[in-house]
Asker: 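I have a structure here, written as structure tokens, and I will follow up with some questions on it.
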Amino acid sequence: MKTIYQMFETTVERHGDKALTIEPDGRRLSYAAVHELTERLAGTLTALGVEPGDRVAAKVEKLPEVIALYLATLRVGAIYLPLNTAYTGSELQYFIEDARPTVFVCNPGEEDQLAEGSPGSVSFVSMGPRGTGTLFEQGDSRPAEPVVVELDAPAAILYTSGTTGRSKGAVLTHRNLASNCATLTEAWQYTHDDVLIHALPIFHIHGLFVAVNMSVTTGATMHFLPKLDPQAIVDLMPESTVLMGVPTFYTRLLGRPGVTAETTRNMRLFVSGSAPLTAETHHEWRVRTGHAILERYGMTETGMMCSNPYDGERKAGTVGPPLPGISIRVVERETNTELPAGEVGSIQVSGPNVFREYWNKPEKTAEEFTDDGYFITGDLGVIDDAGYLSIVGRDKDLIISGGFNVYPKEIEELIDEHPSVRESAVVGVPHPDLGEAPIAVVVPHDDASVDPEEILGSIRPHLARFKQPRAVRFSDELPRNVMGKVQKAQLRHEHAGLFQQQQTPAGPKS
Ligand code: MLC
Ligand code: AMP
């Protein structure tokens, strides 16, 4: 098995002149140009002291050059650590402390602020559009030969929050990335003839390890959009073949009259994942365009696990059977016994796609695996007679807002710090645009009067925007069961209609 980097080099030999990325202003970067930049950046990283196994963190805007930074990191045998651009100072300091990157690449102008309070061992450099930023000013550094890595060596760390405590860094190996990429490429018949509309962020596995890896290893071309822009997608569809998105992409696109059978005629595949796609959206899309959206199921720790078939029936409301080489089972949580088709239980997975460990957290790693080596996803599902999996809920206290994960605990802890708050519970309620959105139910101290805006204002500086509750509701107490555990299902039910009156399927800015 070849690594992603080795596959990229083969692609460059075959398709050097082809465009890897095309930006909205028409700028094209060929495979050869991205390879040359990758070599250069590999030299720069080495000059900055990066050795095999070191971490290279990136919290940068979405630019094609970031693909070269990712590939350069793999080339020198280091570990790529992408970070959500929405993270705030205190969130970032935690990742820096935990992962101890040798190099941290940020947006131009952010270096000094980030360096403040960070360990002196970290070099902060920046990357901006069109070759700007201090990363490109590091002098003339010659690229060394690509480092030969073990397939089971770490290639990337992606932070994912936990139900307790702080975020954990999921360590993904070269084998994880390469095997999942090869499996998906075959399953979705992805080739160098494909033109992908890439509008996802590239700091998560969906935009990076599904979309970018599949493209750089096959020779496909990507229309590289800085963010979701529904009209730009509509305009690009006649010259593209594939779109990968979270469900919000499809609900917003359905708000565009330009989405028709005619405009999608050249498209051969629409993929959705990262959050549940409703059967209604699946149906509406089919009626409007004639295409059945292919829904798949994945997770940072596991890459893609299940996919509806490329050829064959794509069943709305299901995520399809396990991908080849991947074993999925549904078990009864307490006894860990496998359940027959039709029964709901806890989803577990094993295969070459499953991550190696949580960074520096052996006890957390051990907790998430069964004795026979299956990873416990924390999702609840049921397998039908044809072997298709449906995700029916979550065994973990997680909210998925527009495809981003929000862990209530982190928000509750911050709200509870407010002097007028006795306790709080954060739950996800249905949201027409984001699928689910966090809201906070707050119990004030007996004599306290609090304003929702005051509570939101107090947490704002410490939390990425997407984690901030979209509404605050007050209550005299939180519903609890006999064990004293807060009944979040009841709160979700009570507030389920909060956003349902809002008409936002076309999205706030589309
Ligand atoms: C942006 N905002 C969000 C948000 N994204 N709030 C909640 N949830 C989100 N997902 C904030 C913005 O900061 C802004 O704040 C306001 O909401 C409106 O912004 P917007 O213009 O509507 O946001 P937009 O840029 O259009 O982004 C929405 C989105 C985006 C859904 C297109 O979040 C997105 O691309 N999501 C994809 C995430 C993803 O790739 N997930 C994969 C994870 S991997 P303000 O202050 O202006 O109001 C994974 C495994 C797997 O899960 O299986 O794939
Ligand atoms: P993350 O931790 O960001 O990788 O998010 C992974 C989680 O997203 C999974 O554990 C699921 O809960 C959810 N998820 C991913 N794909 C789907 C899908 N197609 N349907 C429902 N949930 C999904």
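These figures come from a predicted structure and were not determined experimentally. Note that ligands are numbered from 1 as they come in the structure, with each ligand's atoms numbered from 1 the same way.
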Asker: Around atom 13 (C) of ligand 2, find the nearest protein heavy atom and jot down its residue, atom name and distance.
Answerer: Ile400 CD1, 3.4 Å

Asker: Verify, without hydrogens or angle tests, whether Arg288 (side chain) and Leu254 (backbone) share a donor-acceptor contact under 3.5 angstrom.
Answerer: yes

Asker: Any N/O of Arg252 closer than 3.5 Å to an N/O of ligand 1?
Answerer: yes

Asker: May I ask you to check whether Thr300 has an N/O atom sitting below 3.5 Å from an N/O atom of ligand 1?
Answerer: no

Asker: Would you name the heavy atoms of Leu463 and Glu410 that are closest together and state the gap between them?
Answerer: CD2-OE2, 3.9 Å

Asker: Give the numbers and elements of all ligand 2 atoms closer than 4.0 Å to a heavy atom of Arg394.
Answerer: 12 (O)

Asker: If you measure from each non-hydrogen atom of Ala275 to ligand 2, which part falls under 4.0 Å: side chain, backbone, both or neither?
Answerer: backbone

Asker: Evaluate Ser274 for polar contact with ligand 1, using N/O atom pairs at a separation under 3.5 Å.
Answerer: yes

Asker: What atoms of ligand 1 come closer than 4.0 angstrom to any heavy atom of Arg296?
Answerer: 51 (C), 53 (O), 54 (O)

Asker: Check for me whether Arg356 meets the cation-pi criterion with Tyr358, that is, NZ or CZ under 6.0 Å from the six-membered ring centre and within 45 degrees of the ring axis.
Answerer: no

Asker: Any idea which atoms of ligand 1 are less than 4.0 Å away from a heavy-atom of Ile205?
Answerer: 44 (S), 50 (C)

Asker: Does some non-hydrogen atom of Arg470 fall short of 4.0 Å from ligand 1?
Answerer: yes

Asker: Please report which non-hydrogen protein atom sits nearest to atom 2 (O) of ligand 2, along with the residue it belongs to and the distance in Å to one decimal place.
Answerer: Asn405 ND2, 2.7 Å

Asker: Salt bridge check, Asp397 against Lys485: does any charged N sit closer than 4.0 Å to a carboxylate O?
Answerer: no

Asker: Run the salt-bridge test on Lys467 and Glu91 with the 4.0 Å N-O cut-off and return the result as yes or no.
Answerer: yes

Asker: So with a 6.0 Å cut-off around CG of Asp25, is the heavy-atom count from everything else above 12?
Answerer: yes

Asker: Can you tell me which residue and heavy atom of the protein come closest to atom 16 (N) of ligand 2, and the distance to 0.1 Å?
Answerer: Ser274 N, 3.1 Å

Asker: Which heavy atom of Glu301 sits nearest to which heavy atom of Ala170, and what is that distance?
Answerer: CG-CB, 4.0 Å

Asker: Among protein heavy atoms, which sits nearest to atom 19 (N) of ligand 2, and what does the distance come to when rounded to 0.1 Å?
Answerer: Arg296 O, 2.7 Å

Asker: Taking non-hydrogen atoms only, is Lys396 closer than 4.0 angstrom to ligand 2 via side chain, backbone, both or neither?
Answerer: side chain

Asker: Could you tell me whether ligand 1 has any atom less than 4.0 Å away from a heavy atom of Gly207?
Answerer: no

Asker: N/O to N/O below 3.5 Å, does that happen between Thr300 and ligand 2?
Answerer: yes

Asker: Is the contact between Glu295 and ligand 2 made by the side chain, the backbone, both, or neither, using heavy atoms and a 4.0 Å cut-off?
Answerer: side chain

Asker: Decide salt bridge (Lys or Arg N to Asp or Glu O under 4.0 Å) for Glu367 and Lys168; before the verdict, give the C-alpha distance in whole Å, the side-chain angles of both, and the deciding distance to 0.1 Å.
Answerer: CA-CA 13 Å; Glu367 277 169 24; Lys168 301 166 286 189; over 6 Å; no

Asker: Hey, is Gln468 one of the residues with a heavy atom under 4.0 angstrom from ligand 1?
Answerer: no

Asker: Hey, is the main chain of Asp379 close enough, under 3.5 Å, to the side chain of Asp395 for a donor-acceptor pair?
Answerer: no

Asker: Look at atom 40 (O) of ligand 1 and find which of Pro438, Pro201, Gly403 reaches it with the closest heavy atom.
Answerer: Pro201

Asker: Select the closest option to atom 13 (O) of ligand 1 among Arg465, Lys467, Met304, Glu436, judged by heavy-atom distance.
Answerer: Arg465

Asker: For the residue pair Phe375 and Phe355, is the inter-centroid distance of their aromatic rings smaller than 6.0 Å?
Answerer: yes

Asker: Salt bridge or not for Asp98 and Arg55, using N-O below 4.0 Å?
Answerer: no

Asker: Are any of the side-chain nitrogens in Lys59 or Glu110 under 4.0 Å away from the carboxylate oxygens of its partner?
Answerer: yes

Asker: Under 4.0 Å from any heavy atom of Leu200, which atoms of ligand 1 are there?
Answerer: 40 (O)

Asker: From the options Ile347, Thr377, Asn353, select the one residue that forms a side chain to side chain contact (heavy atoms under 4.5 Å, CB included) with Met299.
Answerer: Thr377

Asker: So, Phe404 versus His204, ring centres under 6.0 angstrom or not?
Answerer: yes

Asker: Does Thr377, backbone or side chain, put an N or O under 3.5 Å from an N or O of ligand 2?
Answerer: no

Asker: Please check whether Asn405 reaches ligand 1 - meaning an N/O of the residue sits under 3.5 Å from an N/O of the ligand, judged on distance alone.
Answerer: no

Asker: Any salt bridge linking Asp372 with Arg329? Criterion: basic side-chain nitrogen under 4.0 Å from a carboxylate oxygen.
Answerer: yes

Asker: At a 4.0 Å threshold, what atoms of ligand 1 neighbour a non-hydrogen atom of Phe466?
Answerer: 3 (C), 4 (C), 6 (N), 7 (C), 8 (N), 9 (C)

Asker: For atom 9 (C) of ligand 2, which candidate among Val392, Asp379, Ile205, Thr160 provides the closest heavy atom?
Answerer: Asp379

Asker: Heavy-atom contacts with Leu228 under 4.0 Å: which atoms of ligand 1 show up? List them by number with element.
Answerer: 32 (C)

Asker: Taking NZ, NE, NH1 and NH2 as the nitrogens, is one of them in Arg460 or Glu453 under 4.0 Å from a carboxylate oxygen of the other?
Answerer: yes

Asker: Need the ligand 1 atom indices (1-based, order shown) with element for anything under 4.0 Å from a heavy-atom of Phe404.
Answerer: 5 (N), 9 (C), 10 (N), 33 (O), 38 (C)

Asker: Considering only non-hydrogen protein atoms, determine which one is nearest to atom 15 (C) of ligand 2 and report residue, atom name and distance to 0.1 Å.
Answerer: Gly298 O, 3.3 Å

Asker: Under 3.5 Å, side chain of Arg314 to main-chain N/O of Ala292, donor-acceptor pair present?
Answerer: yes

Asker: What protein heavy atom sits nearest atom 21 (C) of ligand 2, and how far away is it?
Answerer: Pro276 N, 3.4 Å

Asker: Please identify which atoms of ligand 1 are closer than 4.0 Å to at least one heavy atom of Ser401.
Answerer: 7 (C), 8 (N), 9 (C), 10 (N)

